[in-house]
Amino acid sequence: MPELAEVEYYRKQWNPGLGHTVHKVLTHPNARIFRDAPATAVRKALTGRTFSASHAHGKQMMFEFSDGGWLGLHLGMTGKLYTAAVDHKPEKSEHLALVLDDLQLVFSDYRMFGKLTIDVTDDGEAPDWWKELPPQILDRGFSKKRHEQFVRRFPKTPVKTLLLDQRGFPGIGNWMADEICWRIGIAPQTVSGNLTDPQIEALWKATRKVSRDAIRVIGSDWSDPPQSWLFKHRWKNGGNCPRKDCRSELLRADLRGRTTCWCPRCQG
DNA sequence: AAGTAGACCCGACGAA
DNA sequence: AGAGTTCGGGTCTACC
């Protein structure tokens, strides 16, 4: 579930720990989330360091610690971040907890599709892989030109599938991809080679608009999106298109392995 | 099921 | 014609 707005929400959940020192790191060492960074390395790197800042980039997060300590997190499908009491005992799905002075920073993930990375840099700079992530949708680097080049590069791929490609649209996930297609009235199955120039520009605009809206509504305090979004109707059987002059029954089908929802009338 | 790494398959390119 | 420790696009599945 976590797409860029939910990621932004979760990133902030650890804020109460800013400025505090990690006294102890609790782990379930065999949990799959440690596949890229062994639990021992995480414990060693973070114990004694002070939590100084956090960053989000698409679906990725980076937590910054004193003296060049960097903890990268990806939430996968079921990852969650929150704080707990300092004497909290880790539950089964709480695979990582950073124990500070008076609270714990907890990473829970019951399906363990999430993962973490650990980097310690000499110069205190963020690790290279972080700096080299593709431009964020709301940054200047996400230009109309770059967007058009990316879309034109995969002419056989359906637009919806393309929107899920993190190299081109970092942070877009399943519901946002459908929301974007719906707002510009393009069927998600349309292969991008069939898109006109104006449609590609509309796609660029809608991608930015949906990202901004989602971060404002969900990213701040996980508010419920308004009824006017496709999001509110997409999961239930027999949901209807929220557009006032439409109200057609929404369709759902598998597209390249992902559940896809669209309005047959608005996105004919 | 809201995510993705990796295996697989395919076609383009065009060696000696 | 058609190599290949190719290369990149495109699809599917395992992960739990």
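Residue numbering restarts at 1 for every chain, and letters A, B, ... go by the order of the sequence lines.
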May I have the distance from A:Asp36 (atom CG) to B:dG6 (atom P), rounded to whole angstrom? 8 Å
Of the options A:Arg252, A:Arg183, A:Arg234, which is the one that meets A:Asp178 in a side chain to side chain donor-acceptor pair (under 3.5 Å)? A:Arg234
For A:Thr259 and B:dA1, is the shortest distance between a side-chain N/O and OP1 or OP2 below 4.0 Å? no
For A:Arg35 and for A:Phe231, locate the closest nucleotide of DNA chain B by heavy-atom distance; then report the residue assigned to the nucleotide nearer the 5' terminus. A:Phe231
Output field dot_bracket for DNA chain B (Watson-Crick or G-U, both distances under 3.5 Å, | for other-strand pairs) contains ..|||||||||||...
Say you pick atom C1' in B:dC10 and the same atom in C:dG2; how far apart are they, in whole Å? 16 Å
Check the angle between the aromatic planes of A:Trp175 and A:Phe231 and answer parallel, tilted or perpendicular using the 30° and 60° thresholds. tilted
Above 12 or not: heavy atoms from other molecules or residues under 6.0 Å from NZ of A:Lys205? no
Distance check needed: B:dT4 P versus A:Asn174 CG, whole Å only. 11 Å
I want to verify a distance call: between C:dC15, C:dG10, C:dG9, whose nearest atom is closest to the A:Lys156 side chain? C:dG10
A:His74 side chain: which of B:dA1, B:dT4, C:dG10 is closest? B:dT4
Between P on C:dG8 and CG on A:Asp165, what's the gap in Å once rounded to a whole number? 15 Å
Would you classify A:Gly173 as touching base, sugar-phosphate or nothing, given that sugar-phosphate means primed atoms plus P, OP1 and OP2, and contacts are heavy atoms under 4.0 Å? sugar-phosphate
Between atom CG in A:Leu255 and atom P in B:dA2, what is the gap in whole Å? 11 Å
Atom pair distance, as rounded to whole Å: CG in A:Asp254 and C1' in B:dA1: 12 Å
Determine the Euclidean distance between corresponding P atoms of C:dA1 and C:dT5; express it in Å to zero decimal places. 23 Å
Could you work out which one of B:dA5, C:dG10, C:dC16 sits closest to the side chain of A:Phe154? C:dG10
Give a yes/no verdict on base stacking between B:dT4 and A:Phe113: centres under 5.5 Å, planes within less than 30° of parallel. no
Distance between the P atoms of C:dC12 and C:dC16, in whole angstroms? 23 Å
A:Gln166 near the nucleic acid: base, sugar-phosphate alone, or nothing, with a heavy-atom cut-off under 4.0 Å? sugar-phosphate
Whole angstrom value for the distance that separates P of B:dA2 from CD1 of A:Ile180: 16 Å
Under 4.0 Å between a side-chain N or O of A:Arg256 and OP1 or OP2 of C:dT11? yes
Is the CZ atom of A:Arg35 crowded by more than 12 outside heavy atoms at less than 6.0 Å? yes
Along DNA chain C (nearest heavy atom to each residue), the more 5'-positioned of A:Arg167 and A:Met112: A:Arg167
Expressed as a whole number of angstroms, how long is the span from A:Leu230:CG to B:dA2:C1'? 14 Å
Kindly assign one of parallel, tilted or perpendicular to the pair A:Trp14 and A:Phe63, based on the angle between their ring planes and the thresholds 30° and 60°. tilted
What distance separates A:His74 NE2 from A:Thr117 OG1, expressed to the nearest 0.5 Å? 11.0 Å
Residue pair A:Ile172 / A:Ser211: nearest heavy atoms and the distance that separates them: CD1-OG, 3.9 Å
Phosphate OP1/OP2 of B:dT4: any A:Lys59 side-chain N/O under 4.0 Å: yes
Looking at C:dG9, I'd like to know if its phosphate oxygens (OP1 or OP2) sit under 4.0 Å from a side-chain N or O belonging to A:Arg153. yes
Does the A:Arg49 side chain pair with the main chain of A:Ala45, one donor and one acceptor, at a distance under 3.5 Å? yes
Please state how far atom OH in A:Tyr110 lies from atom P in C:dC15, giving the value in whole angstrom units. 18 Å
Checking B:dA5, C:dC16, B:dA2 against the side chain of A:Trp235 (C-beta onward), the nearest is B:dA2
Test side chain to side chain donor-acceptor pair (under 3.5 Å), reference A:Asp119, set A:Trp70, A:Trp130, A:Trp129, output is A:Trp129
